[in-house]
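Here's the structure we're looking at; comments come further down.
Here is the naming used below: chain letters follow the sequence lines, and residue numbers restart at 1 for every chain.
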Amino acid sequence: MTPREFNHVGEEALRFEARDKVTGRAAYVHDLELPGMLHAKVLHSPWAHARITAIDASVARDLPGVKAVLTGEELPYLLGLYMVDKPILARGKVRYQGEPVVAVAAVDEATAERALALVRVDYERLPAVLSVDAALAAQTLVHEDIGRLEYIKGAFFPVPGSNIASWHKTIRGDVEGAFAAADYIMASELSLPQVAHAPLETHVAVAKADPCSNRVEIWTSAQSPFAVRNLLAKAFGLSHNEITVRVPFVGGGFGGKAGIHLEPLAVALSRASGGLAVKIRATREEECNQLPCREGLRGRIKTGVSRDGRITAMQVCYDWDGGAYADYSVNIGRAAGYSGAGPYEIANIELHSRTLYTNKVYGTAYRGFGHLETHWVIERHMDMIAQKLNLDPYELRLKNLLREGSLTISGERIAADSGRPDHCLQAVAKEIGWQGYRSQAEREAALKSGKARGKGLAALHKAPAMPSTTATAAVMQLNEDGTVRLMLGAVDMGQGVYTVMAQIAAEVLDLPLHKVKVVAETDTDKNPYDWQTVASKYSFMGGNAVMRCAQDVLRQLKETAARVLRCPVEELAHGGERIYHVHHPDKALSYKQLAVGYGFENGNGIGGPIIGHGRYIAEGLTNLDANGQGLPALDWTYGAHGAEIEVDVETGEIEVIKIASAFDVGKALNPALARSQVIGGVVQGLGSALCEQFIYTPEGRLLNPSFADNKIPTAKDIPGQIVPILIENPQLDGPFGARGVGEHPMISVPSVIANAVYDALGINFFELPLTPERIALAVAKQENQAG
Amino acid sequence: MREQPSNTGETGGTDRVRLSCVVNGEKVSALVEPHLTLLSFLRQELKLLGVKEGCGEGECGACTVIMNGNAVNSCLTLALEAEGARILTVEGLSNGGGLSALQEEFVKHDALQCGFCTPGMLMSARALLDRNPDPGTEEIKEAVAGNLCRCTGYYPILEAITAAAKREREGEQR
């Protein structure tokens, strides 16, 4: 038996909060009640695009039980993380069906709803922009004032007089020359619709404003307590010290609860109600058509390929159906600019990524942050190149994958410890028994039998998409008995961050895991700063901060111990909850003896309470220049999926028999929790692949804002088998070598399914989702053409 | 025994009606509006906040409770339909201070992440195991098909229910 490398890192520790969650004791903002708390409801725009000509809320204001009625005219604020373009309530015009127009706070929800029914709003309808083509045509503008909006300069590029919220360009190499020299040129166009995040807990916020000062307290189901505080402070002109944001357990986020959402409206209503607490809770319908979704995308790609399958040139245009506000989504467009060619070495590239305003529900981060979308384009296109060149798509990918020394499309050199996409692809190909495409004869025989099987592959990569100076911190305090309280800025919305951070702390301090308590509510007044819990960055950044924090605690313990033991700090070591002399291990003090200061026999005290802190700021990242060149990536996590599916030729239904999914996580800090992320992410990806989409009427009304009409996978829809594979090529600056993997399992799932469908049917699909209807119609069309 | 007037829902002058039932083994009696849902009754009147609302439309299963042995969406059930009924919620699952086998297996198999669907999922599983102590995978899938989970991908949940069933069959107290 080999000795274990670590005591806690790599251990399959059970998540800390699980006991609270199986007993119903875990408290969410949905469950929060405060004395005298009011309930708010919102009136929504019935139109995708319309001018508000009049609002009469006088009758509603007089209804008994109504404490506040607000319209956009009383809220002259704009909010946004990257693009400051989103009003709290519509002002002047509405830009999507579902946009909040009037809000009421009343003694209960029913009274608030009755009040809203008494509000009269007059609209003058405007032509609506409902497609990327309509957005580009710019006959109608969603935001006329695009040139005056505030945004992060240098990172985003809005185009005044258009519907382009940001136009990101990546230009590298000699694209024209490479296309001229290419043996083959392949072009495709692929698209995918908007999709709902569908957390089981809808967005909810409670705010309580102090009537005598500027102070406000907020409880919210959010991924971003510090970003909420920051954006609210900016918009309302408050000091950060005047705002307290508390985030208890969060019932699912997936990116949809990053940034700022219902909090400002709750604050405004509380102020308007004289400081009573106000709760605003989205219904399931509002979760779909008021709160943001994943953007739609149309990708047009053209590649130059050599006879032996080297991709020598690439031209891509990503047009994002971003919806009415680009608050967060311009950064998705930017992320596509440096990762939107997939995990491949492409020397000559011209990439355009345009975040477009449309009169639809607005887009935001959704698990994978644009990568599921861009990989739909890239990984389908790769298979189509293989088909055209009569190559094995596995070999084609291997030939072009990034490797040590490769340059990414933003000019970053891949290092020896950056991870190995080839290992991921090899692992999944082996797991599903990949042997190349089946022959046309095999396909035809299968079609006749009514059940067609196929296999597919797809690769992926993603780095955290975040500002280059993104930072986090951890604080650790020793209790009198030598146990530890660890405070983080991160939010645990189910990914298991508290458990993993406790494992890291216990590892460094050499403590039993149960002696580390992670304080399980993020409170901006008490917890140390973290930018946001997004981007699969916390294991890496928070992990490093917690390591440094624990090292700081050890340093302080040793400083006090050195004085007591009368020896140099350098001769002290730690282990077994003690600080001891390396040569005389019995010369030792326990953590408990040092925790809040050491007391000598004569009564003298030294040291004092041990409080450690650790900081981490993304190191070595740069902005991107005008050609999209620079170092935006803290760590790349590579991955691949292999899938086997069976298509019912008559009904068009796809049964997923098996998916193998491999990720180079560097080091699995908690393999059980990492596998949980993989399994959950793959099934979420299957939703995007097979059934989920927003459907609008021609006028822009969302038709399916419910679980009844917008199906997400149920227990009956899961594949026969999911095989998570964790590959560990450590990254030297990651905590114990680790990289993030929270979002990645979802990326490329639609691609791998469609690639397997091609193998089964010999038909390429260019749009998502792969509904039975879409498959059956394509099969029928192919039969008609053949017949 | 609790007795309290309902202050929930519309105050439109409807006559309140007496509701008597047994919730988690405790007798409950209250005056409720006729249109009050069982979900609102449990959450707002009895403060059983483990019962979650994910959609309020009977589509997600987060509000599932057991009524007279059947798993029901409490958001689609009127409180008055529970007249004389025995109701079990997640709060009633534990054995005294300890977790039941079902709860323990959910923890061991990492059958939850955000935890918001968990109470409803547990109740659907409990109702299944009460009527069928040895369910096959397809039966388990069928039993929880009305409980949406966006985090786990369901596999760990199916494993946890299978493991709990085995322990219960082997004589362990629920």
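Residues A/Gln223 and A/Thr533 bring no donor and acceptor atom of their side chains to less than 3.5 Å of each other. Counting only N and O atoms by type, the side chains of A/Tyr366 and A/Gln684 include a donor and acceptor under 3.5 Å apart. Between the side chains of A/Ser224 and A/Lys257, not a single donor N or O lies within less than 3.5 Å of an accepting N or O. There is no side-chain donor-acceptor pair under 3.5 Å between A/His641 and A/Ser748. Side-chain atoms of B/Glu139 and B/Asn132 include a donor-acceptor pair closer than 3.5 Å. Looking at B/Ser40 and B/Thr37, their side chains do bring a donor and an acceptor atom within 3.5 Å of each other. Side-chain polar atoms of B/Thr89 and B/Asn24 form a donor-acceptor pair below 3.5 angstrom. A donor-acceptor contact under 3.5 angstrom links the side chains of A/Gln677 and B/Gln113, judged on distance only. Using a 3.5 Å distance cut-off with no hydrogens or angles, the side chains of B/Gln103 and B/Ser100 do pair a donor with an acceptor.
Contact of A/Val22 with chain B is made through backbone and side chain together, with heavy-atom distances under 4.5 Å. Using a 4.5 Å cut-off between heavy atoms, B/Ile140 makes no contact with chain A at all. Heavy atoms closer than 4.5 Å to chain B are found nowhere in A/Glu109, neither backbone nor side chain. Of the two parts of A/Ile722, the backbone and the side chain both hold a non-hydrogen atom closer than 4.5 Å to a non-hydrogen atom of chain B. Contacts of A/Leu14 with chain B are made by side-chain atoms alone, with heavy-atom separations under 4.5 Å and no backbone atom involved. Only the side chain of A/Tyr28 comes within less than 4.5 Å of a heavy atom of chain B; its backbone N, CA, C and O stay farther away. Contacts of A/Ala198 with chain B are made by both backbone and side-chain atoms, with heavy-atom separations under 4.5 Å. B/Glu104 does not touch chain A: none of its heavy atoms, backbone or side chain, sits under 4.5 Å away.
No other option in B/His109, B/Glu91, B/Glu53, B/Glu57 has as many heavy-atom pairs under 4.5 Å with chain A as B/Glu53. Highest contact tally toward chain B, considering only A/Arg25, A/Arg19, A/Gln495, is held by A/Arg19 [criterion: heavy-atom pairs under 4.5 Å]. Ranked by heavy-atom pairs shorter than 4.5 Å toward chain B, the options A/Glu17, A/Arg367, A/His197 are led by A/His197. Most heavy-atom pairs under 4.5 Å with chain A, from the set B/Gly153, B/Gly50, B/Cys114: that is B/Cys114. For the set B/Leu49, B/Asp110, B/Thr152, the entry with the most heavy-atom pairs within less than 4.5 Å of chain A is B/Asp110. Most heavy-atom pairs under 4.5 Å with chain B: of the set A/Leu200, A/Val683, A/Asp20, this distinction falls to A/Leu200. Contacts with chain B were tallied for A/Thr202, A/Asp717, A/Val678, A/Ile712; A/Ile712 has the most, counting heavy-atom pairs under 4.5 Å. The candidate with the highest count of non-hydrogen atom pairs below 4.5 Å against chain A, out of B/Thr118, B/Leu122, B/Val144, B/Leu112, is B/Leu112.
Summarising the geometry, atom NZ belonging to A/Lys41 is positioned 11.0 Å from atom CG belonging to A/Asp108; distances are rounded to the nearest 0.5 Å.
Checked for salt-bridge contact, B/Arg167 and B/Glu105 meet the test: a charged N lies under 4.0 Å from a carboxylate O. We find that A/Arg675 and A/Glu12 are joined by a salt bridge, their nearest charged nitrogen and carboxylate oxygen being less than 4.0 Å apart. By the 4.0 Å N-to-carboxylate-O rule, B/Glu168 lies close enough to B/Arg126 to be salt-bridged with it.
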Practice task
Give the C-alpha distance, both sets of side-chain angles, the deciding distance and a yes or no for side chain to side chain donor-acceptor pair (under 3.5 Å) between B/Thr64 and B/Asn147.
Solution key: CA-CA 8 Å; B/Thr64 305; B/Asn147 295 82; 3.3 Å; yes
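Residues of residues 281-290 of chain A having a heavy atom under 4.5 Å from any heavy atom of chain B, listed by number: A/Arg281, A/Arg284.
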